[in-house]
Amino acid sequence: MQKIELVGQREYAYHGCLEEESVIGSEYVIDLIVFADLKTSAKTDQLEDTVDYVSLRKIITREMSMRSKLLETVCHRI
């Protein structure tokens with residue numbers, strides 16, 4: 001298994017247990033680590049054989065946009 005790291009994605013979101021957090025929001029910096037078998041993609045050099053970084057970033061943005069009380073919940077969804 002090889003590791004892909006997406007570091008420093010910034011998202012503004014409205015997570016938290018307090019009502020003020022749903023109004024004020026906060027900036028978050030997300031680092032994502034994905035483990036995958038990248039042997040095939042290393043040989044073929046084809047996007048369809050690997051993990052799509054753009055899709056990973058879109059997943060982070062989508063999940064961060066859904067308000068949760070706990071960041072643990074957001075991380076689990078991602």
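- In terms of the salt bridge (charged side-chain N to carboxylate O under 4.0 Å, His left out) criterion, K43 has no residue partners (sequence neighbours excluded).
- The hydrophobic cluster containing Y12 also includes Y14, under a criterion of side-chain heavy atoms closer than 4.5 Å among ILVMFWY residues, counted directly or through chains of members.
- If you chain together ILVMFWY residues whose side-chain heavy atoms come under 4.5 Å of each other, V23 ends up in a group of its own.
- Applying the side chain to side chain donor-acceptor pair (under 3.5 Å) test to Q46 and every residue at least two apart in sequence or in another chain returns nothing.
- Note on residues 48-59: no pairs pass salt bridge (charged side-chain N to carboxylate O under 4.0 Å, His left out), not counting sequence neighbours.
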Could you go through residues 26-37 and list every donor-acceptor pair under 3.5 Å that involves a side-chain atom there, pairing it with any protein atom two or more places apart or in another chain?
residue : atom : partner : partner atom : Å
D31     : OD1  : G8      : N            : 2.7
D37     : OD1  : K39     : N            : 3.1

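- H15 has its side chain within reach of M64: a pair of non-hydrogen atoms, C-beta onward, lies under 4.5 Å apart.
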Listed pairs under 3.5 Å, donor-acceptor, residues 69-78 side chains, sequence neighbours left out:
residue : atom : partner : partner atom : Å
R77     : NE   : E63     : OE1          : 2.7
R77     : NH1  : S68     : OG           : 2.6
R77     : NH2  : E63     : O            : 2.7
R77     : NH2  : M66     : O            : 2.9

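- Following chains of ILVMFWY side-chain contacts shorter than 4.5 Å, one cannot reach L47 starting from Y53, and the two form parts of different hydrophobic clusters.
- With rounding to the nearest 0.5 angstrom, the NZ atom of K3 is 12.5 Å from the CG atom of L38.
- Scored by the side chain to side chain donor-acceptor pair (under 3.5 Å) test, S65 finds no partners at all (sequence neighbours excluded).
- Interatomic distance, CD1 of I59 versus OG1 of T61, reported as 10.0 Å (0.5 Å rounding).
- The shortest heavy-atom contact between R67 and G16 is NH2-O, 2.8 Å.
- Under the rule for a side chain to side chain donor-acceptor pair (under 3.5 Å), E21 has no partner lying at least two apart in sequence or in another chain.
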